[in-house]
Trainee: 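Sharing a structure below in structure tokens format, with a few things to ask.
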Amino acid sequence: MNPEAITESLIKRLRTTAALDDEDIQAIRSLPVLVRQYRPDQPVVREGDRPSECCLLMEGFCIRAKSTSDGRRQILSIHIPGEIPDLQSLHLHVMDHDLVTLTECTLGFIAHTALRNVTRRRPSVAEALWRDTLVDAAIFREWIVNVGQRTGVSRLAHIIMELRERLRVIDKVSGPEFGLPMTQEQLGEAMGITSIHANRILKQLQNAGVLKFQRGRVTILDETKFRDAADFDKLYLHLDPAL
DNA sequence: TCATTAACTGAGG
DNA sequence: CCTCAGTTAATGA
């Protein structure tokens, strides 16, 4: 990946939701980034760590998760290219959860010092990142509703709808289809149910002819039915800054 | 390794 | 009585 392209996914995303001028963009582009490749299921930072850098997800999917003392894992969020999943470590110095790769990932590490310098020099960049953090929190709120109140079918449909809307921003949705490289075990961990039940829910949606899920790809076959099942309103993603 | 299915169980409405 | 969901186990891709 050429140096120019490294931060492009981040810029693309920030630009859709925040007003950044040429100097802001230049400041982001000139951040020193150390690129590293990760295998699937590799921890990037763990609970208790004190990172000195943030990581920009450039390619692949990551999750944030916490585990209980008896070893059960809750997936807290799913991250896609252009996001900085551990942005909070810039100001909260000890990690309170794990960041783990889901797939093979390309991660760009940016030193806290460099990032802090940019946010001090370029207030609009600071605002854009702040806004990003607030949207992150809005997504967590929606996930609490998901795990706490929605039925199994609704939970799964909602997660899929959300991912699709977020992937659309970075042009990773082609028509009714997009890549969702998660096992049923992992989907279960995101929904707070066992993989066996995740399988039952998936089957329900597939047998109803609403959804297809094969080898990490989702196809939504019946848009209306799917949206109804998902109880989805994209407002909380705040994708349109004008609203 | 991951997905699928059945049989059984219990909670809760 | 019905639906949802966890456990266990067997089996297939």
Side-chain angles (χ1 to χ4, degrees), chain A residues 36-47 57 59-81 83 85 97-107 139-164 166-167 172-233 236:
Chain A
R36 283 186 221 137
Q37 278 303 125
Y38 277 73
R39 307 284 313 155
D41 286 316
Q42 262 192 291
V44 181
V45 279
R46 287 194 181 87
E47 187 169 351
L57 177 50
E59 265 176 60
F61 284 66
C62 285
I63 52 157
R64 284 193 277 173
K66 282 189 88 132
S67 296
T68 58
S69 48
D70 61 344
R72 296 152 76 94
R73 185 170 77 160
Q74 176 69 44
I75 292 181
L76 305 165
S77 59
I78 302 166
H79 294 279
I80 63 172
E83 296 181 344
H97 59 271
D98 305 318
L99 174 62
V100 187
T101 61
L102 214 47
T103 62
E104 208 154 305
C105 281
T106 308
L107 301 178
I139 293 174
F140 282 134
R141 288 191 286 275
E142 193 65 37
W143 276 49
I144 291 173
V145 176
N146 213 38
V147 171
Q149 301 299 332
R150 293 199 177 94
T151 64
V153 167
S154 236
R155 270 184 230 188
L156 179 62
H158 197 280
I159 285 176
I160 290 172
M161 285 291 281
E162 176 187 303
L163 250 335
R164 186 172 64 153
R166 286 163 59 202
L167 287 167
K172 294 229 181 250
V173 180
S174 39
E177 205 184 318
F178 67 95
L180 179 62
M182 290 176 77
T183 64
Q184 295 181 11
E185 174 75 41
Q186 292 161 345
L187 286 172
E189 287 175 315
M191 293 188 283
I193 60 174
T194 60
S195 63
I196 282 103
H197 201 59
N199 180 265
R200 291 199 276 241
I201 289 163
L202 215 37
K203 283 288 126 188
Q204 271 185 60
L205 283 165
Q206 290 184 117
N207 292 338
V210 175
L211 176 78
K212 202 172 90 180
F213 181 65
Q214 259 172 13
R215 281 171 272 102
R217 282 200 86 72
V218 173
T219 312
I220 294 171
L221 301 170
D222 188 326
E223 188 66 38
T224 312
K225 273 194 203 159
F226 196 75
R227 187 171 287 271
D228 285 349
D231 183 33
F232 185 80
D233 179 343
Y236 73 100

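Below, read A as the first sequence line, B as the second, and so on, with proteins coming before strands; counting in each chain starts at 1. Here the structure is a predicted model, which means the values were calculated and not measured.
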Trainee: Could you go through Arg164(A) and Glu223(A), starting from their C-alpha distance and side-chain angles, then the distance that decides it, and tell me whether this counts as salt bridge (charged side-chain N to carboxylate O under 4.0 Å, His left out)?
Mentor: CA-CA 12 Å; Arg164(A) 186 172 64 153; Glu223(A) 188 66 38; 2.7 Å; yes
Trainee: Specify the separation, in whole Å, of atom CG of Asp70(A) and atom P of dT7(C).
Mentor: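 Interatomic distance, CG of Asp70(A) to P of dT7(C): 10 Å.
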Trainee: Go through the steps for Ile201(A) and Ile193(A) under the test side chain to side chain contact (heavy atoms under 4.5 Å, CB included), then give the verdict.
Mentor: CA-CA 10 Å; Ile201(A) 289 163; Ile193(A) 60 174; 3.5 Å; yes
Trainee: Whole angstrom is fine here: how far is it from CZ in Arg215(A) over to C1' in dC2(B)?
Mentor: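 The answer, rounded to whole Å, is 13 Å.
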Trainee: Please list residues of residues 199-212 of chain A whose heavy atoms come under 4.0 Å from any atom in DNA chain B, ordered by number; otherwise none.
Mentor: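 Those residues are Asn199(A), Arg200(A), Lys203(A).
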Trainee: Would you indicate whether the side-chain heavy atoms of Lys203(A) and Gln206(A) approach each other to under 4.5 Å?
Mentor: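 SC-SC contact between Gln206(A) and Lys203(A) confirmed.
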Trainee: Is there a side chain to side chain contact (heavy atoms under 4.5 Å, CB included) between Thr219(A) and Leu211(A)? Walk through the geometry before answering.
Mentor: CA-CA 6 Å; Thr219(A) 312; Leu211(A) 176 78; over 6 Å; no
Trainee: Any chance you could measure Gln149(A), atom CD, to Ser154(A), atom OG, to the nearest 0.5 Å?
Mentor: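 It is 11.5 Å, given to the nearest 0.5 Å.
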Trainee: For dG6(C), does either OP1 or OP2 sit under 4.0 Å from a side-chain N or O belonging to Thr194(A)?
Mentor: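 For dG6(C), OP1/OP2 do have a side-chain N/O of Thr194(A) under 4.0 Å.
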Trainee: More than 12 heavy atoms of other residues, nucleotides or ligands under 6.0 Å from CZ of Arg46(A): yes or no?
Mentor: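 Counting other residues, nucleotides and ligands, CZ of Arg46(A) stays at 12 neighbours or fewer.
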Trainee: Can you tell me if Arg72(A) has over 12 outside heavy atoms packed within less than 6.0 Å of its CZ?
Mentor: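 No, the 6.0 Å shell around CZ holds no more than 12 heavy atoms from other groups.
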Trainee: Distance check needed: dA5(C) P versus Gln149(A) CD, whole Å only.
Mentor: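 Rounded to the whole Å, the gap is 13 Å.
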Trainee: Looking at Gln186(A) and Met182(A), what are the two nearest heavy atoms and their distance?
Mentor: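 That would be OE1-CA, 3.3 Å.
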Trainee: Given atom NE2 of His197(A) and atom P of dT5(B), what is their separation to the nearest angstrom?
Mentor: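 The answer, rounded to whole Å, is 15 Å.
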Trainee: Give me the residues of residues 177-190 of chain A where at least one heavy atom lies under 4.0 Å from an atom of DNA chain B, by number, or none.
Mentor: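 Correct list: Thr183(A), Gln184(A).
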Trainee: Within this structure, what is the CD1-to-C1' distance between Ile196(A) and dA6(B), rounded to whole angstrom?
Mentor: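 Between C1' of dA6(B) and CD1 of Ile196(A): 12 Å.
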